[in-house]
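What follows is a set of notes on a single structure, which appears directly below.
Hydrogens, waters and symmetry mates play no part in the numbers below; they use all other heavy atoms, side chains included.
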There are 2 protein chains.
Amino acid sequence: MATSTPAILPRVSCDQCPLRQCRSFRDFSSEELGFVHDFKTGEVSAAQGMSIMVEGERNPQLYTVLSGWGFRYKILEDGRRQILNYVLSGDLIGLQGHLMEEMQHSIEALTRMTLCIFERDKLPKLFRHHPSLAYDITWLAAREESMLDEHLLSIGRRSARERAAYLFAFLDARVKSVAAPPADRPFILPLTQQHVADTLGFSLVHTNKTLRRLVQQGLIRWLDRGCEVLDTERLYHVAEWRPPKEGKRPFI
Amino acid sequence: MATSTPAILPRVSCDQCPLRQCRSFRDFSSEELGFVHDFKTGEVSAAQGMSIMVEGERNPQLYTVLSGWGFRYKILEDGRRQILNYVLSGDLIGLQGHLMEEMQHSIEALTRMTLCIFERDKLPKLFRHHPSLAYDITWLAAREESMLDEHLLSIGRRSARERAAYLFAFLDARVKSVAAPPADRPFILPLTQQHVADTLGFSLVHTNKTLRRLVQQGLIRWLDRGCEVLDTERLYHVAEWRPPKEGKRPFI
DNA sequence: CGTATGCTTGACCCCTGTCAAGTTTGGTGG
DNA sequence: CCACCAAACTTGACAGGGGTCAAGCATACG
């Protein structure tokens, strides 16, 4: 939870944005691309453990994740923490702080991250002049909502083993959907068992014992500070989960 | 879970919509009002227990709730059910089925409900010609997201007593925010203990015992098929929850 | 008046949290 | 290069929260 200042990087042109390499994102018209480039003010890099946003903040920056992993969370006064969701490449963060009075959750970098910074005050202009992009933003919000629905089902009704299986299947599907083309190398989910515990709503000890079972059954492998998924199909089956069939998806 | 056909009601003009009586909704310009009236195709009434939408449905109707209570839920194959959130007056439902491939959750009427029906295909037109309304829709999506965040925190990290306290405080605040002006009469939350259980992620038996404690401590009163909140402040305190300070909020 | 729905309660046991102690790994500085 | 330290992961013992089973009660409704 380091709090050093983030490193500001120069602004890279949007049409050579690395995210556009990825097949799962939709294409932009050159007009859209022009506006987005204008909307963009620069890039930042955030080190692992750094706070990207904190609950209660008013009108924070608006970012799109360009690389790395982060997580959204809330904490109770006595320190109990709940991880709400993870943020990956292509995700838009900070929107809530613009629409509502203030941020209702915090975001922390799980790995080193690079973020694309947008100009705070141009959001109304985006809605006025670029309905297709406005539609995309709404789409992203609806997608976040449906992920949260699924997490609620998981925490509320799935058993420990099912919950853990669901989490890894879910995250595995997400990384793969935004991975750069040669997507056959193994993906490591950069988590700590404490993160898993705070996501699933379990204690650290019980999380450890649950993961151990998944490891023994050959579903995952646990590394230092990371999880490798070995058998996605069986994870899906244990969790009784169907991966969302995402066609092309938008991002800003 | 009755499945009789919903009763189609005649279309009422939007400028005499009962929701506009309520102070917590923002005012519309006459131009906005004109479009919304055009967008609206009629009203339906749904009886208690009726299914409003079902998971997997493609391109369902788009509605705004005019009166009554409903709930969004998901179920696992073996019947375990998780209630995700409740829908009340002013809430927009069915948006997800338009933006994504298909509905990811179901909605059922908790009481008799009346719904305002919108024309399926005019959503793109709304985004093109009425940015302020598009903004409102995004606002509504962000608000739903922040409610779900709070529920996740609750289910993941709060104790049984805290969770129940949170739920009733939350629902009490919600009804009051959309109540017609003389808002001092007691509000009854029209729930079954089974609904509470499926919301909190508990068994029915344990839910009953938890509620009993809240009753004995004078925080709530339990009626047949309903809960009356007696001490909002203490509920807030037990749940360690701050009610959102909503100023004027939008609706469509 | 019988039946369905919803609410209550007690007994029992397993899942999960807490406490406590270790082990392994990677990094840092002498 | 080695000693030390902090993070992260393990493991066992024990207790309590919450699930399951089972039975009973109350109210509404046809």
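- Residue B:L189 contributes atom CG, which lies 17 Å from atom P of C:dG6 at whole-angstrom precision.
- Between B:H195 and B:F71, the distance separating the two ring centers is shorter than 6.0 angstrom.
- Straight-line distance from the CD atom of A:Q48 to the P atom of C:dG26: 14 Å, rounded to whole Å.
- If you measure from atom CZ of B:R212 to atom C1' of C:dT9, you get 9 Å, rounded to the nearest angstrom.
- Protein atom CG of A:L200 is 10 Å distant from nucleotide atom P of C:dG17, rounded to whole Å.
- Dashed line: the shortest gap from a side-chain N or O of B:Q193 to OP1 or OP2 of C:dT8 is under 4.0 Å.
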#### Entry: Check against salt bridge (charged side-chain N to carboxylate O under 4.0 Å, His left out), B:D198 and B:R80
CA-CA 8 Å; B:D198 288 349; B:R80 281 176 286 177; over 6 Å; no

### Message
Could you go through A:D91 and A:R143, starting from their C-alpha distance and side-chain angles, then the distance that decides it, and tell me whether this counts as side chain to side chain contact (heavy atoms under 4.5 Å, CB included)?
### Response
CA-CA 10 Å; A:D91 290 350; A:R143 171 168 160 276; 3.6 Å; yes

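- Regarding A:K209, its NZ atom lies at a distance of 12 Å from the C1' atom of C:dA20, rounded to whole Å.
- Residue A:Q194 is the one, among A:Q194 and B:S203, whose nearest nucleotide of DNA chain D lies closer to the 5' end (criterion: closest heavy atom).
- Looking only at atom types and distance, the side chain of B:R161 has a donor-acceptor partner in the side chain of B:Q217 under 3.5 Å away.
- Between D:dG17 and B:R161, no contact under 4.0 Å exists linking OP1 or OP2 to a side-chain N or O.
- Between B:N208 and C:dT8, a side-chain N or O to OP1/OP2 separation shorter than 4.0 Å is present.
- In this structure, B:R174 is not positioned above the aromatic face of B:Y86 in the sense of NZ or CZ being under 6.0 Å from the six-membered ring centre and within 45° of the axis.
- A:T192 comes within contact range of the sugar-phosphate backbone alone, with a heavy-atom separation under 4.0 Å but no base atom that close.
- The nearest whole Å value for the distance from the CG atom in B:L223 to the P atom in C:dC7 is 10 Å.
- The B:W222 side chain lies nearest to C:dC7 when the options are D:dT11, D:dT20, C:dC7.
- Atom CG in B:L214 sits about 16 Å away from atom C1' in C:dT8, given to the nearest Å.
- If you take CG of B:D224 and C1' of D:dA26, they are 9 Å apart, rounded to a whole angstrom.
- Residue A:R225 places no side-chain N or O under 4.0 Å from the OP1 or OP2 atom of D:dA7.
- Counting any heavy atom pair closer than 4.0 Å across all strands shown, A:G201 reaches sugar-phosphate atoms only and no base atom.
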